[in-house]
Colleague: 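My questions all concern the structure below.
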Amino acid sequence: MAKQYWLMKSEPDVFSIDDLRREGSTCWEGVRNYQARNNMRDMKVGDEVIYYHSNAKPPGAVGIARVCKKAYPDHFALQKGHKYFDAKSDPDNPRWFMVDVEFVAEFDECVGLAELKSDPELADMELIRYGRLSVQAVKKSEFGRVKKMAGCKK
DNA sequence: GCCAACGTTGGC
DNA sequence: GCCAACGTTGGC
């Protein structure tokens, strides 16, 4: 199956693209939205991801990551007292999943949400039409467009 | 801090 | 199954 493209949001105060660069890779824990979870379960190793900073100044696309481990249960949901604990997640039938992503590139300049919104080629992008989902599918053409806007050669 | 646009929960 | 109340996301 062909490579797929995604967009994942993170608040830079929590885990920024710089954190990802420094650590190399990370597990994407804490997703507690079914649609976002379903998207993560559809990811394959090698899929590419637009790294997006939400609640940032300005919000926007800041780099590229790559899926390096396919979906597996988010064990934080089972740890009582943990911030991502969910009493309704059954250890025998985990409700929440996460993937691992690795650093690929950081854009020289953030492509801000305002810029993304004003680009006619991205008018259909899920981010523009419905902004709140933290893990979204992105079309190949949209992925390429965002990279081009960022001046990213990778 | 505000608030729009959702999603979730739970009573009925 | 409906819907009110509540919680969350995230731009501004």
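First the proteins, then the strands, lettered A, B, ... as listed; each starts at 1. Computed from heavy atoms alone, side chains included, the values below leave out hydrogens, waters and symmetry copies. A quick note: this is a predicted structure, and the numbers were derived from the prediction, not measured.
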Colleague: Rounded to whole angstrom units, what separation is found between the CG atom of Asp13(A) and the P atom of dG10(C)?
Modeller: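 Interatomic distance, CG of Asp13(A) to P of dG10(C): 14 Å.
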
Colleague: From the options dG11(C), dT9(C), dT9(B), select the nucleotide whose nearest atom is closest to the side chain of Arg132(A).
Modeller: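 Given the options dG11(C), dT9(C), dT9(B), the side chain of Arg132(A) is closest to dT9(C).
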
Colleague: Whole-Å distance between dA4(B) P and Leu133(A) CG?
Modeller: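 It is 21 Å, rounded to the nearest whole Å.
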
Colleague: If we ignore angles and hydrogens, is there a donor and acceptor under 3.5 Å between the side chains of Trp28(A) and Asp100(A)?
Modeller: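 Per modelled atom types, Trp28(A) and Asp100(A) side chains form no pair under 3.5 Å.
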
Colleague: Rounded to whole angstrom units, what separation is found between the CD atom of Glu126(A) and the P atom of dC6(B)?
Modeller: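 Checked: the CD to P distance equals 12 Å.
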
Colleague: Just wondering, more than 12 heavy atoms not from Glu23(A) lying within 6.0 Å of its CD?
Modeller: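 Enclosed: over 12 neighbouring heavy atoms sit under 6.0 Å from CD of Glu23(A).
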
Colleague: Nearest to the side chain of Lys88(A) - dG11(C), dG7(B), dT9(B)?
Modeller: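 The listed nucleotide nearest to Lys88(A)'s side chain is dT9(B).
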
Colleague: If you take all heavy atoms of Phe143(A) and Val138(A), which pair is closest and at what distance?
Modeller: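 Between these two residues, the closest heavy atoms are N-CG1, 3.6 Å.
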
Colleague: Nearest whole angstrom, please: distance from the C1' of dT9(C) to the NE2 of His53(A).
Modeller: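 Going from NE2 in His53(A) over to C1' in dT9(C) covers 17 Å.
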
Colleague: Where do Leu127(A) and Lys9(A) land on the side chain to side chain contact (heavy atoms under 4.5 Å, CB included) test, with the steps shown first?
Modeller: CA-CA 10 Å; Leu127(A) 180 72; Lys9(A) 292 183 191 172; 3.8 Å; yes

Colleague: Taking CZ from Arg37(A) and P from dG7(B), how many angstroms apart are they, rounded to a whole number?
Modeller: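 It is 14 Å, rounded to the nearest whole Å.
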
Colleague: Measure NZ/Lys9(A) against C1'/dG10(C) and give the value in whole Å, please.
Modeller: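 Rounded to whole Å, this separation is 7 Å.
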
Colleague: Under 4.0 Å between any heavy atoms, over every strand shown, what does Lys117(A) touch: base, sugar-phosphate, or nothing? Just pick one.
Modeller: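 Contact class for Lys117(A): sugar-phosphate only.
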
Colleague: The side chain of Tyr130(A) lies closest to which of these nucleotides: dT8(B), dG11(C), dG7(B)?
Modeller: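 Of dT8(B), dG11(C), dG7(B), dG7(B) is nearest to the side chain of Tyr130(A).
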
Colleague: In whole Å, what is the span from the OH atom of Tyr34(A) to the C1' atom of dT8(C)?
Modeller: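 Rounded to the whole Å, the gap is 14 Å.
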
Colleague: In whole angstrom, what separates Leu7(A)'s CG from dG10(C)'s P?
Modeller: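 Interatomic distance, CG of Leu7(A) to P of dG10(C): 10 Å.
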
